[in-house]
2 protein chains.
Amino acid sequence: MLSGSKSTVSRVMNDTPNVDPQIVTRVRDAAARLGYRPSGTAQNLSRGRTGIVGVLVPDLANPLFATILKGISAEAETDGYRTLVADANEQPGEELRHLHELARQSDGLILCGPRMSTPDLAGLTELDVPIVIVNRKPAGSLFPSVTVDSREAVAELCRHLDAFGHTRLCYLSGPAHAAADAERWSALTSSIRSRTKLFRVPAGAMLDDGHAAAEAALATGATCLIGFNDLVALGAVARLQELGITVPDQISVAGFDDIVYARFTSPGLTTVAMPQTEFGQEAWRLLSPYLHARKTRRTRTLSAHLIIRGSTGPRQNSGARPGPAA
Amino acid sequence: MLSGSKSTVSRVMNDTPNVDPQIVTRVRDAAARLGYRPSGTAQNLSRGRTGIVGVLVPDLANPLFATILKGISAEAETDGYRTLVADANEQPGEELRHLHELARQSDGLILCGPRMSTPDLAGLTELDVPIVIVNRKPAGSLFPSVTVDSREAVAELCRHLDAFGHTRLCYLSGPAHAAADAERWSALTSSIRSRTKLFRVPAGAMLDDGHAAAEAALATGATCLIGFNDLVALGAVARLQELGITVPDQISVAGFDDIVYARFTSPGLTTVAMPQTEFGQEAWRLLSPYLHARKTRRTRTLSAHLIIRGSTGPRQNSGARPGPAA
DNA sequence: ATGAAAGCGCTAACAT
DNA sequence: ATGTTAGCGCTTTCAT
């Protein structure tokens with residue numbers, strides 16, 4: 001009988017140095033033969049860590065979040081971590097519930113563009129789990145966060161539009177509790193020239209929202225529509241085209257994020273690009289050290305940049321109006 | 001000192017009946033006050049289950065898989081399960097590695113459109129974990145699977161195109177190891193009329209792939225391009241428009257899946273729609289009973305259906321050719 | 001209705 | 001270099 005103790009097996013399975021090579025192979029063989037695989041759960045309990053990071057997103061169907069998630073996964077994977085995903089379906093009320101559950105299964109949490117209230121966010125400290133926030137600066141910087149500074153890029157967008165003669169802009173606003181919505185709106189209001197009128201029409205975060213809001217936006221007489229994000233902008237473009245209105249000839253459209261579709265529609269969408277993959281990478285890099293030791297809480301600010309494509313052009317003199325339906 | 005044993009606390013936390021209401025509130029209070037939350041890991045070890053389902057996808061950035069994942073999460077959540085996600089980044093070689101790791105952390109696995117070889121797939125039985133496969137029929141039906149029958153919808157597409165006079169079609173093929181690719185191709189070949197010529201140009205699974213393959217497809221003289229999926233089709237449309245070629249006036253385009261963008265581009269994309277959310281739902285419904293008891297291995301076949309939008313139209317007499325660049 | 005005790009399958013001192 | 005012994009923090013018989 002080849003005795004062999006649990007510890008030895010454990011050492012072999014964990015590639016601990018100082019194990020007799022003979023034993024190593026013997027154990028490996030036996031394991032392979034018996035189809036033995038260490039129980040992750042038992043390892044987790046014993047080690048006091050799960051190797052899992054919980055990620056909360058408002059909506060996985062939004063390519064922005066899918067991309068951020070990919071960034072997190074890729075980076076976390078290099079440290080042997082996996083991602084447990086919770087999709088709140090754009091329902092702020094669901095977020096807390098998800099987080100409480102995620103927290104019990106993971107070593108740390110990454111919140112992508114959380115829609116929950118600031119007090120709720122602050123209350124998360126009680127979870128007593130390392131948390132990193134992406135795309136929203138937590139009040140009082142309670143948590144490390146990776147945010148983006150889009151002021152300069154927005155200012156650039158405004159100059160771009162101004163140069164094209166646009167003096168009536170309409171912002172298709174995002175979900176009520178999206179921090180990015182407030183920031184974008186504020187960046188716009190502080191960037192436009194005094195001669196420029198800025199309207200605001202409620203939309204949402206998805207294609208349908210932009211599609212649905214397009215007509216209301218048109219009614220403001222704006223010559224350029226700016227979507228809360230690219231999905232909203234693209235939804236609006238679709239609606240405009242249905243109405244027989246040509247972009248950018250009759251009306252210009254711009255968005256935020258630079259999701260991959262912005263590049264592949266025609267006309268291409270002018271947009272304030274977010275560093276999507278970096279969001280994910282940086283989020284992990286902030287979280288990772290935090291998992292091992294309570295390190296200093298930091299914040300990382302990335303910067304957005306303007307990408308000009310075909311959806312913005314010179315303002316039409318006569319203002320946009322529906323043409324013959326497509 | 002209010003004694004209270006571990007067992008009692010456990011009973012309270014698990015809402016076990018037959019506990020003195022007084023004690024219940026006392027324990028609840030104490031827990032709240034101390035911020036006590038049962039360790040998920042310890043529960044997992046003790047209960048012998050993790051409450052986690054591992055999901056493997058080829059690419060989360062593909063809305064098809066994001067949607068399927070959402071379907072799985074939503075359904076699994078109703079049973080108290082969460083999803084651990086692994087994104088193989090369209091690299092078949094990575095899939096096995098991910099699966100082995102996922103298997104150690106989860107109670108069951110759902111593989112979405114796995115690209116790995118059939119033998120590798122068969123070898124998964126050794127993982128000794130309930131597995132359900134989505135969108136690929138496993139050889140020998142080793143695992144329960146949810147697949148789609150798109151033959152009828154493809155036939156319908158072919159009739160639709162034929163009625164428009166298209167007799168030269170070009171299929172922009174998908175990733176080498178995507179089972180869906182072979183199925184779609186085979187459905188096409190067996191559906192076209194004998195007078196119709198079907199070409200095949202290699203593309204891939206993403207927007208860029210369709211974009212890059214468009215010119216080669218044009219060169220075949222085809223009057224209608226059919227993308228492996230909607231992304232490929234839309235990528236091709238983008239390229240065509242760059243070339244000044246109008247869809248559908250000069251050339252028709254169709255795709256597979258019916259991702260949300262297919263509806264919101266202009267022209268809308270004609271496509272063979274996959275039951276995306278159902279894929280996810282059904283996958284969970286197949287897996288769920290399997291987790292508790294080894295039940296009979298079943299298979300569920302959903303059906304695709306054709307959605308006709310603006311990207312397909314009557315064939316142009318003279319054949320497509322680049323116009324003035326946009 | 002509650003407590004005591006065993007055990008889930010590992011890891012990590014500690015001893016040898 | 002390997003074996004022994006305690007836990008990790010719960011759940012769950014089994015007593016009471």
Side-chain angles (χ1 to χ4, degrees), chain A residues 1-52 79-82 100-108 127-129 291-293, chain B residues 1-52 80-82 100-108 127-129 291-292:
Chain A
M1 182 55 199
L2 22 85
S3 61
S5 72
K6 302 197 314 176
S7 350
T8 305
V9 175
S10 173
R11 282 188 268 259
V12 171
M13 300 309 282
N14 292 297
D15 300 307
T16 305
N18 299 342
V19 214
D20 185 323
Q22 301 225 342
I23 301 212
V24 172
T25 51
R26 205 142 52 93
V27 172
R28 284 249 139 77
D29 285 4
R33 193 155 29 76
L34 305 177
Y36 167 79
R37 336 210 94 247
S39 146
T41 310
Q43 291 179 319
N44 290 346
L45 182 60
S46 188
R47 291 172 174 159
R49 43 149 277 178
T50 63
I52 290 182
D79 291 344
Y81 271 77
R82 304 221 143 259
H100 278 89
E101 294 201 1
L102 282 185
R104 303 192 328 110
Q105 302 263 49
S106 39
D107 298 338
L127 279 184
D128 198 41
V129 161
L291 295 179
H292 311 300
Chain B
M1 182 53 198
L2 22 86
S3 60
S5 71
K6 302 193 319 170
S7 348
T8 306
V9 176
S10 172
R11 282 188 268 257
V12 171
M13 301 307 284
N14 292 297
D15 300 307
T16 305
N18 298 342
V19 214
D20 185 323
Q22 301 225 342
I23 300 213
V24 172
T25 52
R26 204 143 52 94
V27 171
R28 282 251 139 76
D29 286 3
R33 192 155 28 77
L34 305 177
Y36 167 79
R37 339 208 93 251
S39 145
T41 310
Q43 291 180 319
N44 290 345
L45 181 59
S46 190
R47 292 171 173 160
R49 44 149 277 177
T50 63
I52 288 182
Y81 271 76
R82 305 220 143 261
H100 277 90
E101 294 201 0
L102 282 185
R104 302 191 329 112
Q105 303 263 52
S106 39
D107 298 339
L127 279 184
D128 199 39
V129 162
L291 295 179
H292 311 301

Does [X] contact [N] through a side-chain donor or acceptor facing the base, at a distance under 3.5 Å?
| X | N | result |
| --- | --- | --- |
| B/Ser7 | D/dT11 | no |
| A/Ser46 | D/dG7 | yes |
| B/Thr8 | C/dA1 | no |
| A/Arg11 | D/dG3 | yes |

In this structure, how many angstroms lie between the [atom2] atom of [N] and the [atom1] atom of [X], rounded?
| X | N | atom1 | atom2 | result |
| --- | --- | --- | --- | --- |
| B/Asn14 | D/dG9 | CG | P | 17 Å |
| B/Met13 | C/dT2 | CE | C1' | 18 Å |
| A/Leu45 | D/dT11 | CG | P | 12 Å |
| A/Lys6 | D/dC8 | NZ | P | 15 Å |
| B/Asp15 | D/dT11 | CG | P | 11 Å |
| A/Arg104 | D/dG9 | CZ | P | 14 Å |
| B/Gln43 | D/dC8 | CD | P | 17 Å |
| B/Arg47 | D/dT13 | CZ | C1' | 16 Å |

B/Thr50 side chain near B/Gln105 side chain, heavy-atom distance below 4.5 Å:
no
ask   = Can you tell if the side chain of B/Val27 reaches within under 4.5 Å of the side chain of B/Val19, non-hydrogen atoms only?
value = no
Side-chain atoms of A/Val19 come closest, of D/dT2, D/dC10, C/dC10, to D/dT2
Practice prompt. When you get a sec, tell me which of C/dC10, D/dG9, D/dT11 is the closest nucleotide to the side chain of B/Ser10?
Written response: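 Among C/dC10, D/dG9, D/dT11, the one nearest the side chain of B/Ser10 is D/dT11.
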What residues, two or more places apart in sequence or in another chain, satisfy side-chain contact (heavy atoms from CB on, under 4.5 Å) together with A/Gln43?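 Scan of A/Gln43 (side-chain contact (heavy atoms from CB on, under 4.5 Å), adjacent residues dropped) gives A/Asn14, A/Pro38, A/Arg47, B/Arg104.
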Nearest 0.5 angstrom please: A/Ser106 OG to A/Arg82 CZ, how far?
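Those atoms lie 14.5 Å apart.
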Residue whose closest nucleotide on DNA chain D lies nearer the 5' end, B/Tyr36 versus A/Asn18: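 It is A/Asn18 whose nearest nucleotide is closer to the 5' end.
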Q) Which part of the nucleic acid, if any, lies within contact of B/Asn44, taking any heavy atom under 4.0 Å across all strands shown: a base, the sugar-phosphate backbone alone, or nothing? A)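 Since no nucleic acid heavy atom lies under 4.0 Å of B/Asn44, the category is nothing.
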Side chain to side chain contact (heavy atoms under 4.5 Å, CB included) between B/Asn44 and A/Asn44, intermediate numbers included
CA-CA 10 Å; B/Asn44 290 345; A/Asn44 290 346; over 6 Å; no
